[in-house]
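This report concerns only the one structure given below.
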Amino acid sequence: MKKIGWAILLLACCIGGFLALPSNYYLRRALTHFLPKIDQYPIFENRIVKAGDPSPWKQAEAYNTCSIPEKYLPVFDELGTVAYVVIQDSSLLFEQYWEDYSPESHSNSFSMAKSIVSLAIGCAIDDGLIRDVDQPVSDFFPEFNGYNGKTLTIRHLLTMSAGVDFQEAYSSPFSPTTKLYYGNDLHKIAFGMKEIAEPGVDFIYQSGVTQLLAFLVEKATGESVSSYVSRKLWTPMQAEENALWSLDKKDGMEKAYCCFNSNARDFARFGQLLLNGGSWNGRQLISESYLKEATTPDSTLRFAEYDEPNRCYGFQFWHLNYKGMDIPYMRGILGQYVFIIPDKNAVVVRLGHKRSDTRTGQHYPDDINTWLDAALEIMEQGKQNNH
């Protein structure tokens, strides 16, 4: 028994020593906090994305005279919805909150932030700080010079066809994704990626690629991603609240592939910007041509996971066809969504704790059908209530 006791003590010391290594900072955090949650921003250092010219949404005439049809409520509840907002004709038509969430409550965007990084790239092109999406990445970072004689371009990063060795896995505490989220050295992970395949061939979803894009934005603009997004988008879009972008360490780098913390009303502004073709109050914030390309899937790429043409991903924006409507959208791992519905001149935002594990024939999580169907019925109610 004494030998077993000593063996257990020795093992505990070894594990403790292993976890104490500076390189395992992320692992200590992962074992403390486990899987990512929507309200974890206080455990990170954060940089303010300043809302310098706040202005509330105009309320629709039928504002909140509608309700979520009862048949959809079980899914809303089961998947832990905390906020649901419908904007139509540039006005706030409907909003509802659950738990302790309110119109001002911050929630993590998770991978919706990837779309924000894409918008920042578009702004940097408009500013002449990036030539175009086909500019070689090596102009900014010489270590990424392509594979097999094919140059790696910004387009390849935007379309997730970079051909790098980053492994996307949220359930493993040892994955690069966990290191990105809980670690304190984003630079090491992003610049540790190796080019292992020809770029521009396969669409493979990789958060490390978006993180590299953010470093490129920082290099091109000479300012932090938060500062640039605040100046070019958040303030001109008249967001009501400051956002918080979580960092890898104090005065560090934005976790740009995720972790833009804001509220449902202000997230909706990104959708409205796309509906407006990139303009806000008559001011063009980002070129319409960039947005059109960003929200159009690059079908020349092979969707590697399913061995078929990519019909669902553009420049860090997802895309689906629903009931004959083309809908670009932003998407996060725990069911964070901003849907842009041009046919209805509408934006729908859903924030919550979970999303469905079941995929449709278009490979999107099938909870999306609930959020879209509920919104379409609310819009129909709103039309009737106006008469």
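Nothing fancy with the numbering, it's 1 onward along the sequence.
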Q.
If we ignore hydrogens and angles and just use 3.5 Å, is the side chain of D165 paired with the main-chain N or O of K194 as donor and acceptor?
A. yes
Residues at least two apart in sequence or cross-chain that pass side chain to side chain contact (heavy atoms under 4.5 Å, CB included) with S118, listed by chain then number, are L158, Y290, A294, F315, Q316, F317
Original post:
In this structure, are over 12 heavy atoms from other groups packed under 6.0 Å from D134 atom CG?
Top reply: yes
_Stacked cation flag R269 on W280, 6.0 angstrom / 45 deg_ = no
D326 and N321 side chains, donor-acceptor separation under 3.5 Å
yes
ask   = Does any non-hydrogen side-chain atom of F110 lie less than 4.5 Å from one of P36?
value = yes
One should read off an interatomic distance between I87 CD1 and N345 CG, to the nearest 0.5 angstrom, of 11.0 Å
The reported gap from OG1 in T159 to CD in E293 (rounded to nearest 0.5 angstrom) is 9.5 Å
| Shared hydrophobic cluster, Y97 / V82 (ILVMFWY, side-chain heavy atoms < 4.5 Å) | yes
message: So for atom CG, which belongs to D100, do other residues, nucleotides or ligands contribute more than 12 heavy atoms lying within a distance under 6.0 Å?
response: no
message: Parallel, tilted or perpendicular: which one describes the rings of H106 and Y41, with boundaries at 30° and 60°?
response: tilted
Ion pair check, D373 and K323, cut-off under 4.0 Å:
yes
Apply ring pair (Phe, Tyr, Trp, His ring centres under 6.0 Å) to W234 and F260, showing your working. CA-CA 12 Å; W234 203 239; F260 184 100; 5.2 Å; yes
- Message: Using a 6.0 Å cut-off, check whether atom CG of L73 has over 12 heavy atoms from anything other than its own residue.
- Response: yes
* Classify the ring geometry between F44 and Y181 as parallel (under 30°), tilted (30 to 60°) or perpendicular (over 60°). => perpendicular
* Side-chain contact, heavy-atom cut-off 4.5 Å: W371 with Y329? -> no
CG of D132 to CD1 of I121, rounded to nearest 0.5 Å, is 11.5 Å
Exercise for the section: Specify whether W318 and Y313 have parallel, tilted or perpendicular ring planes, treating 30° as the upper limit for parallel and 60° as the lower limit for perpendicular. Expected result: perpendicular
request  = Step through the shown structure and confirm whether more than 12 heavy atoms of other residues, nucleotides or ligands are within 6.0 Å of NZ on K219.
outcome  = yes
Less than 4.5 Å apart, side chain to side chain, heavy atoms only: is that true for F191 and L212? yes
inquiry  = Taking CD in Q167 as the centre, count heavy atoms belonging to other residues, nucleotides or ligands within less than 6.0 Å. Is the count above 12?
reply    = no
Show me, pair by pair, the donor-acceptor contacts under 3.5 angstrom made by side chains of residues 138-147, not counting sequence neighbours?
{"from": "D139", "atom 1": "OD2", "to": "Q135", "atom 2": "NE2", "distance (Å)": "3.1"}
{"from": "Y147", "atom 1": "OH", "to": "I196", "atom 2": "O", "distance (Å)": "3.4"}

Main chain of K50, side chain of N242: is a donor-acceptor contact present, judged purely on distance under 3.5 Å? no
| query | Quick one: are K354 and L334 in side-chain contact, heavy atoms under 4.5 Å? | reply | no
Query raised in the report: Distance-only, no hydrogens or angles: does the S102 side chain make a donor-acceptor pair with backbone N or O of E104 under 3.5 Å?
Result: yes
In short, A346 meets M379 closest at the heavy-atom pair CB-SD, 3.6 Å
Query raised in the report: Just wondering, do M193 and Q211 contact through their side chains at under 4.5 Å, heavy atoms?
Result: no
Exercise. Could you check whether the rings of H363 and Y306 sit parallel, tilted or perpendicular, using 30° and 60° as the cut-offs?
Key: parallel
Q.
Measuring only between side-chain heavy atoms, which start at C-beta, is L157 closer than 4.5 Å to V137?
A. yes
So do the side chains of L92 and N64 get within less than 4.5 Å of each other, counting heavy atoms only? no
Review point. Taking the inter-plane angle between the rings of Y101 and H353 on a 0 to 90° scale, is it parallel (under 30°), tilted (30 to 60°) or perpendicular (over 60°)?
Key: perpendicular
message = Taking K232 first and then D127, would you say they form a salt bridge - that is, a charged N and a carboxylate O separated by under 4.0 Å?
response = yes
Given the rule in the ring pair (Phe, Tyr, Trp, His ring centres under 6.0 Å) test, do W98 and F76 qualify, once you have shown the distances and angles that lead to the verdict?
-> CA-CA 10 Å; W98 291 259; F76 274 77; 5.8 Å; yes
With clusters defined by side-chain heavy atoms of hydrophobic residues (ILVMFWY) lying less than 4.5 Å apart, directly or transitively, does V209 cluster with M253?
yes
Does a side-chain N-to-carboxylate-O contact under 4.0 Å join R265 and E241?
no
- Task: Report the relative orientation of the aromatic rings in F339 and Y337; use parallel for angles under 30°, tilted for 30 to 60°, perpendicular for over 60°.
- Result: parallel
Item to check | Carboxylate-amine/guanidinium proximity below 4.0 Å for D307 and R302 | outcome: yes
Practice task
Examine I130 and V117 and state if one hydrophobic cluster contains both, with Ile, Leu, Val, Met, Phe, Trp and Tyr joined whenever side-chain heavy atoms are less than 4.5 Å apart.
Solution key: yes
> Under 4.5 Å between any side-chain heavy atoms of F270 and M330, yes or no?
Replying inline: yes
Separation between CG (L274) and CG (L119), nearest 0.5 Å, reads 6.5 Å
- request: Give a yes or no on whether a salt bridge exists between E45 and K255, defined as a side-chain N under 4.0 angstrom from a carboxylate O.
  value: no
Residues passing the side chain to side chain contact (heavy atoms under 4.5 Å, CB included) test with S224, sequence neighbours excluded, are R47, S226, S227, E254
Rounded to the nearest 0.5 angstrom, the OH-CE distance for Y257 and M112 is 15.0 Å
Heavy atoms of D366 and S356 approach each other most closely as OD1-OG, 2.6 Å
**Report entry** Exam field: side chain W245 to backbone C258, donor-acceptor pair closer than 3.5 Å
**Finding:** yes
